[in-house]
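Notes for the one structure printed next.
Along the sequence shown, residues carry numbers from 1.
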Amino acid sequence: MTLVEQLLQLLSESLGTPESGIRADVRSGLFSLLDPYACGQCPEGSRCDNATLNVESANGVAVIGLSDWFKSLPPVQGLKNCDYLMCDSEEQPASRKVALCDLTCSREKYLSESAKYPGGKREYVVTQMLSTADFLSGNEMLRQQLQTATSRRFIFGVRISDPEPTDPAAKSMHAFMRTPSSTSLLTTSLQKISDIRFDFVEVRYPHRLAW
């Protein structure tokens with residue numbers, strides 16, 4: 001049984017929700033993921049193709065949407081969920097990658113501070129992924145899957161939605177700031193659930209995350 005098959009079985013059965021119908025979408029090559037909440041409400045979706053995070057992988061990547069599944073669970077006080085669970089779709093000899101992923105389309109300033117998120121969207125996303133990882137690791141079999149993975153990441157995909165400036169000088173600077181080289185993937189910190197460590201990685205669109 002592959003890693004993704006084990007995760008799907010454990011999510012559906014071991015946590016007591018066999019009727020949840022949780023599924024994995026296997027992707028490879030260059031593909032994009034969207035913010036399931038924000039993109040669903042955004043009138044600009046046809047302009048940006050609802051792309052929030054670009055991922056590139058030579059091998060299959062299983063993408064499991066978590067939002068609807070979490071909604072089907074009995075209420076758990078304080079529980080916050082992220083958007084996706086990702087893992088290798090097939091067993092690799094010396095590599096077992098697992099990631100929790102949350103995406104946002106946001107104004108730049110809201111990443112560090114906003115009325116809705118006092119510590120900013122970035123800080124809130126970390127609490128979401130820590131909460132999700134803590135909840136999943138409460139199941140012993142899921143915990144073993146996380147512990148034995150050779151790569152564990154919290155992936156924060158960001159698409160900046162600041163409007164284009166009209167002033168020519170500001171427009172030129174804005175274009176420079178949005179090039180892939182200046183908005184590159186950045187490993188910003190390590191996060192920890194008990195003895196399980198995750199790399200927190202922020203990826204600015206249109207940069208590609210190498211799986």
**Item:** Stepwise side chain to side chain contact (heavy atoms under 4.5 Å, CB included) check, C101 with D83
**Value:** CA-CA 6 Å; C101 178; D83 295 327; 5.9 Å; no

**Prompt:** Does a donor on one side chain and an acceptor on the other come within less than 3.5 Å for R96 and Q145?
**Reply:** yes

**Ring centroid separation F200 to F154 under 6.0 Å** = no

**Prompt:** Would you call the rings of F135 and F70 parallel, tilted or perpendicular, where under 30° means parallel and over 60° means perpendicular?
**Reply:** tilted

**Request:** Kindly determine whether V61 and S89 satisfy side chain to side chain contact (heavy atoms under 4.5 Å, CB included), including the steps that lead there.
**Result:** CA-CA 5 Å; V61 180; S89 64; over 6 Å; no

**Prompt:** Counting only N and O atoms by type, is there a donor-acceptor contact under 3.5 Å from the side chain of K80 to the main-chain atoms of T132?
**Reply:** no

**Asked** Roughly how far, to the nearest 0.5 Å, is CG of L136 from CG of L142?
**Response** 6.0 Å

**Prompt:** Can you find a pair of side-chain heavy atoms, one from D199 and one from L190, that are under 4.5 Å apart?
**Reply:** yes

**Asked** Is the backbone N or O of Q147 less than 3.5 Å from a side-chain atom of R152, with the two atoms forming a donor-acceptor pair by type?
**Response** yes

**Item:** Pair N81, W69: side-chain N/O donor-acceptor within cut-off below 3.5 Å
**Value:** no

**Asked** Would you find more than 12 non-hydrogen atoms of other residues, nucleotides or ligands less than 6.0 Å from E56 atom CD?
**Response** yes

**Request:** Answer yes or no: is there an ion pair linking R143 with D195, defined by an N-O contact shorter than 4.0 Å?
**Result:** yes

**Request:** To the nearest 0.5 Å, tell me how far S189 OG sits from E202 CD.
**Result:** 10.0 Å

**Request:** Measure across L100 and M129 and return the closest heavy-atom pair with its distance rounded to 0.1 Å.
**Result:** O-SD, 3.5 Å

**Message:** Within the structure provided, determine whether L53 and I155 are in side-chain contact (heavy-atom separation under 4.5 Å).
**Reply:** yes

**Request:** Taking the side chain as every heavy atom from C-beta outward, state whether I196 and Q191 have any pair of such atoms under 4.5 Å apart.
**Result:** no

**Prompt:** Heavy atoms, side chains only, cut-off 4.5 Å: are Q9 and E5 in contact?
**Reply:** no

**Prompt:** Does the side chain of V158 come within less than 4.5 Å of V203's, by heavy atoms?
**Reply:** no

**Request:** Determine the minimum heavy-atom distance between L103 and Y84, stating which atoms define it.
**Result:** CD1-CE1, 3.7 Å

**Fill in**
Here the pair of heavy atoms bringing V26 nearest to G60 is CG1-CA, 4.3 Å

**Asked** What about L111 and Y124, same hydrophobic cluster or not, with Ile/Leu/Val/Met/Phe/Trp/Tyr joined at side-chain heavy-atom distances under 4.5 Å?
**Response** no

**Request:** Kindly indicate, with the supporting measurements, whether the criterion side chain to side chain contact (heavy atoms under 4.5 Å, CB included) is fulfilled by F156 and T104.
**Result:** CA-CA 8 Å; F156 181 31; T104 188; 3.3 Å; yes

**Closest non-hydrogen atom pair between L79 and S131, with its separation** = CD1-OG, 3.5 Å

**Request:** List the steps, then state whether side chain to side chain contact (heavy atoms under 4.5 Å, CB included) holds for K71 with D68.
**Result:** CA-CA 5 Å; K71 290 177 183 177; D68 289 340; 4.2 Å; yes

**Prompt:** How far does CZ of F198 sit from OG of S151, to the nearest 0.5 angstrom?
**Reply:** 10.0 Å

**Carboxylate-amine/guanidinium proximity below 4.0 Å for R27 and D25** = yes

**Prompt:** Would you call R204 and E108 a salt bridge, using N to O less than 4.0 angstrom?
**Reply:** yes

**Message:** To the nearest 0.5 Å, what is the distance between CG on D88 and OG on S57?
**Reply:** 7.5 Å

**Asked** Does Y110 sit in a hydrophobic cluster with other residues, and if so which ones, taking ILVMFWY side chains as linked at heavy-atom separations under 4.5 Å, directly or through other members?
**Response** none

**Message:** For a quick check under 3.5 Å, do S32 and N54 share a side-chain donor-acceptor pair by atom type?
**Reply:** yes

**Item:** Shortest non-hydrogen separation from T52 to L34 and the atoms involved
**Value:** OG1-CA, 3.7 Å

**Prompt:** In terms of hydrophobic clusters joined by side-chain contacts under 4.5 Å, are Y117 and V125 together?
**Reply:** no

**Fill in**
Scanning both residues in full, the closest heavy-atom pair of A133 with L146 reads O-CD1, 4.4 Å

**Item:** E90 atom CD, neighbour heavy-atom count above 12 within 6.0 Å
**Value:** no

**Prompt:** Roughly how far apart are Q144 CD and N139 CG, rounded to 0.5 Å?
**Reply:** 9.0 Å

**Prompt:** Within the distance-only criterion (no hydrogens, no angle test), does the side chain of S112 pair as donor or acceptor with the backbone N or O of K109 below 3.5 angstrom?
**Reply:** no

